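Data first, discussion second: the structure below is written as structure tokens.
Computed from a predicted structure; not experimentally measured.
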Amino acid sequence: PVQERALDYVNKLNLVNNNPFTVSGHSKGGNLAQYVTLFASDPVIDKCLSLDGQGFSTEACERTEYKEALKRNQDKMYMISSSGDYVNVLFNSAILDKNKMYVKANPVGINVPAYHNPNNVFEMNSKGEILGLNQGCCISLLSYFIQDFVAYMLETESDVSKKQTVCDSLMSMMAAI
């Protein structure tokens with residue numbers, strides 16, 4: 001429902017001269033940016049920047065309209081995530097690997113939820129002013145584990161309530177660390 005509301009909003013934008021524009025968002029907002037980039041009918045979205053945004057369900061990815069939208073729009077979609085982020089690896093990414101950038105996370109110790117903080121990808125001075133992106137690196141082992149675990153669970157478990165319980169439990173464990 002929230003994806004459809006975002007799409008409805010973007011489709012109703014009255015843009016002067018229909019100039020191209022960029023959509024972006026963090027976490028669920030990154031997912032929404034990807035969704036409207038794929039499916040917007042009227043506005044000209046020229047780029048999508050997803051910060052730590054998750055992908056889409058297997059069921060959604062198997063739909064013909066998704067596959068067609070992906071072919072038309074995938075090359076204008078980009079992602080920036082901290083190396084330790086655990087949300088961007090959830091579900092099936094619509095973003096090409098070549099358009100994904102993982103950057104070194106700011107030190108947060110064992111505070112795993114802090115890896116999902118959008119400020120975690122930026123180099124900042126002592127006043128909290130953004131100086132630029134942290135240097136690039138690769139995805140963390142924890143993120144790979146979460147990605148593989150969730151993919152396996154979604155592929156092998158047919159009971160939707162069990163899938164929900166596992167996802168909720170995983171997120172609760174991450175928050176408790």
Side-chain angles (χ1 to χ4, degrees), residues 1-12 22-43 45-102 112-113 115-118 120-121 138-177:
V2 71
Q3 290 173 326
E4 292 298 325
R5 287 197 316 259
L7 181 61
D8 186 52
Y9 174 80
V10 169
N11 282 336
K12 288 181 180 176
T22 298
V23 293
S24 65
H26 173 258
S27 196
K28 184 59 179 175
N31 172 271
L32 296 175
Q34 294 173 59
Y35 188 84
V36 300
T37 300
L38 291 173
F39 295 107
S41 59
D42 189 25
I45 297 174
D46 63 346
K47 285 187 188 62
C48 167
L49 177 58
S50 177
L51 299 169
D52 300 331
Q54 69 270 33
F56 299 94
S57 70
T58 301
E59 294 82 6
C61 295
E62 291 174 350
R63 294 184 185 128
T64 302
E65 60 270 16
Y66 176 87
K67 292 176 183 177
E68 291 171 356
L70 202 58
K71 284 179 189 175
R72 287 190 311 272
N73 299 300
Q74 191 174 35
D75 57 343
K76 58 183 163 183
M77 299 170 69
Y78 299 85
M79 179 202 79
I80 299 174
S81 290
S82 87
S83 58
D85 180 64
Y86 50 89
V87 173
N88 76 85
V89 296
L90 298 175
F91 310 110
N92 302 290
S93 179
I95 300 172
L96 297 168
D97 285 343
K98 70 177 185 163
N99 291 347
K100 293 179 182 179
M101 178 190 298
Y102 289 95
V112 175
Y115 285 108
H116 187 59
N117 182 322
N120 204 357
V121 300
C138 60
I139 190 171
S140 73
L141 291 176
L142 177 62
S143 296
Y144 271 126
F145 168 77
I146 292 169
Q147 180 180 34
D148 291 347
F149 174 76
V150 170
Y152 173 78
M153 187 268 310
L154 291 174
E155 289 175 16
T156 60
E157 181 56 60
S158 59
D159 186 331
V160 174
S161 65
K162 286 183 182 177
K163 288 181 184 183
Q164 184 67 47
T165 299
V166 170
C167 286
D168 289 347
S169 298
L170 181 62
M171 290 300 119
S172 294
M173 287 187 303
M174 299 297 287
I177 294 177

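Val10 and Ala40 get closest at one heavy-atom pair: CG1-CB, 4.1 Å. Listed here is the closest heavy atom pair of Asn120 and Ser82: ND2-OG, 4.2 Å. The minimum heavy-atom distance between Gly25 and Ala33, with the atom names listed, is N-CB, 4.1 Å. Across every non-hydrogen atom of Gln74 and Ala94, the tightest pair is NE2-O, 2.8 Å. Heavy-atom minimum distance, Ile95 versus Lys100: O-CE, 3.2 Å. Here the shortest heavy-atom pairing between Ile45 and Val23 reads CG2-CG2, 3.9 Å.
Side-chain contact check for Ser27 and Asp52: no donor-acceptor pair (N or O, by modelled atom type) lies under 3.5 Å. Side-chain contact of Asn73 with Thr37: a donor-acceptor pair under 3.5 Å is absent, judged by distance alone.
Using modelled atom types, no side-chain atom of Asn88 and backbone atom of Gln54 make a donor-acceptor pair closer than 3.5 Å.
By the side chain to side chain contact (heavy atoms under 4.5 Å, CB included) test, Glu62 pairs with Thr58, sequence neighbours left out. Checked against side chain to side chain contact (heavy atoms under 4.5 Å, CB included), Asp8 has the following partners two or more places apart in sequence or in another chain: Lys12. Judged as a ring-ring contact (aromatic ring centres under 6.0 Å, His included), and not counting sequence neighbours, the contacts of Tyr35 are Phe39. Residues satisfying the ring-ring contact (aromatic ring centres under 6.0 Å, His included) test with His116, not counting sequence neighbours, are His26, Tyr86. Not counting sequence neighbours, the partners of Tyr66 by the ring-ring contact (aromatic ring centres under 6.0 Å, His included) test are Phe56.
Heavy atoms of other residues, nucleotides or ligands lying less than 6.0 angstrom from NZ of Lys76 number more than 12.
Contact of the Lys67 side chain with the Leu70 side chain is not registered, since no non-hydrogen atoms from C-beta on lie closer than 4.5 Å. Here the side chains of Lys28 and Gln3 are in contact, with some heavy-atom distance below 4.5 Å. Counting only heavy atoms from C-beta outward, the side chains of Val121 and Met101 never approach each other to under 4.5 Å.
One distance of note links CG of Asn99 with CG of Leu49; it measures 10.5 Å at 0.5 Å rounding. Note that CE of Met79 is 11.5 Å distant from CG of Leu96, once rounded to the nearest 0.5 Å.
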Side-chain donor/acceptor pairs under 3.5 Å, residues 139-156, sequence neighbours excluded:
residue	atom	partner	partner atom	Å
Ser140	OG	Ser83	O	3.1
Ser140	OG	Ser143	N	3.1
Ser140	OG	Ser143	OG	3.1
Ser143	OG	Asp85	O	2.5
Thr156	OG1	Tyr152	O	2.8

Legend entry - Stepwise side-chain contact (heavy atoms from CB on, under 4.5 Å) test for Tyr102 and Cys138: CA-CA 6 Å; Tyr102 289 95; Cys138 60; 5.7 Å; no

